[in-house]
> 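Here's a structure for you.
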Number of protein chains: 2
Amino acid sequence: MPGTPVGPDFPPRIEQGVLSPDGDEWRDVGYSGPSVCSVVGISYRQLDYWARTDLLRPSLTDAAGSGTQRRYSYRDLVALKVIKSLLDGGVSLQTARKAIDYLRDHLGEDLASASLVIEGANTVLAHTGDDIVDLVRRGQGVLNIVPLGGLVESLEASIHDLYAEPLGPKDGAAHPVRRPQD
Amino acid sequence: MPGTPVGPDFPPRIEQGVLSPDGDEWRDVGYSGPSVCSVVGISYRQLDYWARTDLLRPSLTDAAGSGTQRRYSYRDLVALKVIKSLLDGGVSLQTARKAIDYLRDHLGEDLASASLVIEGANTVLAHTGDDIVDLVRRGQGVLNIVPLGGLVESLEASIHDLYAEPLGPKDGAAHPVRRPQD
DNA sequence: CCCCGTAACTACGACCTTGTGACTCTGCGG
DNA sequence: CCGCAGAGTCACAAGGTCGTAGTTACGGGG
């Protein structure tokens, strides 16, 4: 697996409370709903739906009524991307829900080199190829495998694009990117 | 679809050959809808829905109006079981549809030792563990893996149970014939 | 030989899950 | 005080599942 160590600090990993480079408000931290959509490649309605059905809500700031904002952390982005992959791979939302519940508790681990493996009700992180062969051999039901390496990689790329494309006078991450894409 | 209530070539050519031991009617061949349900472990409504939406129709005799019967072959059973597994594994029906389309063309191969691998739009039969590791390494999206060995095995077991637990005194229609061996 | 019960199939519609579109509502910055 | 981005609401659609009622064929009892 490509353990490509990405830029250590480029995507601001703000969950610890880093502020915006401009020393602006705490609000400039994390990712807004629309930004998230363009980064992970889903529609706003989908993100909205997922948030209000508890699949994944923003861990930085949840919405508190009309006029407020949701702020997503980097880890949220990873989780979201995993969900998106699962969906694209033909896995049902229900299954994705369970997988994400598991993932949330293991987001600290070294994701880039691992694969997420779902077998029925159980979810596991496989760190080596042998782990996987083992699982396939033992498994009786279907296995759903998400190679996290490539996933994180393309996530980083999308984030990069987010910063590069729009030109806001002062804010980066907080800046909403209106970009029609399906 | 095809009228053919009782045509010239109606005495169906069974893939495993062999009519009922009693030299009975052609009807005693293959598996009836309800039998299939109990063997594969799905609801009758599901089987019905799948048949009318073309996911998988009985290859021996399709329905030709109310009062007629569907007769499923052993291979149909295998395909059905694969679908069931996919569903249990959280894979969407849509994805299962594509996989089955592929499987239908490869049902002749040696299934018991292989695994069905779905990656996005592509479906493949992997015969060795290395094949799988390879696919995981290359794959960017989600992989869905169905180990066919265990599947065929449990199918055989269910069929056995079906024979062991006779229901009516002479329910010919519900009685499948000839336990297959391929 | 006909009538009736039952197995198995078809028809039809309710209902759930996932979203989507079209608006409306509201807090915040200018 | 106004405009706007983004949250909230509501109606609706597609894809499936499920329950139930209506049909049809077949076989046994009168």
Side-chain angles (χ1 to χ4, degrees), chain A residues 24-28 30-38 42-58 61-72 83-84 86-88 90-97 166 168-171 174-180 182, chain B residues 1 5-6 24-28 30-38 41-58 61-72 83-84 86-88 90-98 167-176:
Chain A
D24 237 12
E25 303 293 320
W26 54 271
R27 196 173 295 94
D28 279 345
Y31 306 80
S32 70
S35 306
V36 169
C37 293
S38 80
I42 59 179
S43 72
Y44 178 79
R45 307 308 286 104
Q46 228 168 344
L47 185 70
D48 184 38
Y49 177 73
W50 292 353
R52 58 182 73 243
T53 55
D54 263 350
L55 204 205
L56 190 136
R57 9 189 44 151
T61 309
D62 204 347
S66 242
T68 64
Q69 286 193 167
R70 301 191 177 103
R71 305 302 303 186
Y72 292 84
I83 298 174
K84 166 83 156 82
L86 252 5
L87 254 35
D88 286 349
V91 175
S92 71
L93 232 216
Q94 286 223 339
T95 299
R97 284 199 138 91
K170 48 195 296 192
D171 37 22
H175 207 81
V177 186
R178 310 283 330 260
R179 181 158 169 254
D182 289 61
Chain B
M1 175 182 277
V6 175
D24 240 6
E25 304 295 320
W26 51 268
R27 198 173 294 94
D28 280 343
Y31 305 81
S32 72
S35 305
V36 170
C37 292
S38 80
I42 58 179
S43 72
Y44 183 81
R45 307 307 293 97
Q46 239 168 336
L47 185 69
D48 183 36
Y49 177 73
W50 295 353
R52 64 176 71 241
T53 55
D54 265 349
L55 205 207
L56 190 136
R57 9 188 46 154
T61 308
D62 204 348
S66 220
T68 64
Q69 283 195 166
R70 301 190 177 104
R71 306 299 305 185
Y72 292 84
I83 298 174
K84 164 82 155 87
L86 252 6
L87 254 34
D88 286 350
V91 174
S92 71
L93 233 215
Q94 287 224 339
T95 299
R97 285 199 137 91
K98 279 178 276 176
L167 305 172
K170 56 173 344 205
D171 55 334
H175 240 24

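Chain naming here is simple, since letters A, B, ... match the order of the sequence lines and numbering starts at 1 in each.
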> What integer distance in Å separates A:D54:CG from C:dT18:C1'?
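One finds 16 Å between C1' of C:dT18 and CG of A:D54, rounded.
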> Check whether any side-chain heavy atom of B:R70 lies under 4.5 Å from a side-chain heavy atom of B:L47, and answer yes or no.
no
> Starting at CD of B:Q69 and ending at P of D:dA25, how long is that distance when rounded to a whole Å?
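Between P of D:dA25 and CD of B:Q69: 11 Å.
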> Take the protein atom CG of A:L93 and the nucleotide atom P of C:dT18, then report the distance between them rounded to whole Å.
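Distance, rounded to whole Å: 5 Å.
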> Which heavy atom of A:K84 sits nearest to which heavy atom of A:I42, and what is that distance?
CD-CG2, 3.6 Å
> If you take all heavy atoms of A:L87 and A:S92, which pair is closest and at what distance?
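Heavy-atom minimum between the residues: CD1-C, 4.4 Å.
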> Using only side-chain N and O atoms of A:R97, determine if any of them is under 4.0 Å from OP1 or OP2 of C:dT18.
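Indeed, a polar side-chain atom of A:R97 lies that close.
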> Starting the side chain at C-beta, find the nucleotide from C:dC9, C:dC25, C:dT10 nearest to B:R52.
C:dT10
> Of A:L87 and A:G65, whose closest DNA chain C nucleotide lies nearer the 5' terminus?
A:L87
> Distance check needed: C:dC9 P versus B:D62 CG, whole Å only.
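Whole-Å distance recorded here is 11 Å.
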> Output the rounded distance in Å from CZ (B:R70) to P (D:dA25).
16 Å
> List the atom of A:A51, the atom of A:Y72, and the distance in Å for their closest heavy-atom pair.
CB-OH, 4.0 Å
> From the set C:dT26, C:dT18, C:dC9, return the single nucleotide nearest to any side-chain atom of A:Q94.
C:dT18
> If you round to the nearest 0.5 Å, how far is OG1 of B:T95 from CD1 of B:I83?
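One gets 12.5 Å once the value is rounded to the nearest 0.5 Å.
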> In residues 43-51 of chain B, which residues come under 4.0 Å of DNA chain C by heavy atom?
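B:Y44, B:R45, B:D48 - these, ordered by number, are the residues of the stretch whose heavy atoms sit under 4.0 Å from the strand.
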> Calculate the interatomic distance between B:R71 atom CZ and C:dC9 atom C1'; express it in whole Å.
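Going from B:R71 (CZ) to C:dC9 (C1'), I get 13 Å.
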> Please name the pair of heavy atoms, one in B:P58 and one in B:R71, separated by the smallest distance, quoted to 0.1 Å.
CB-O, 3.2 Å
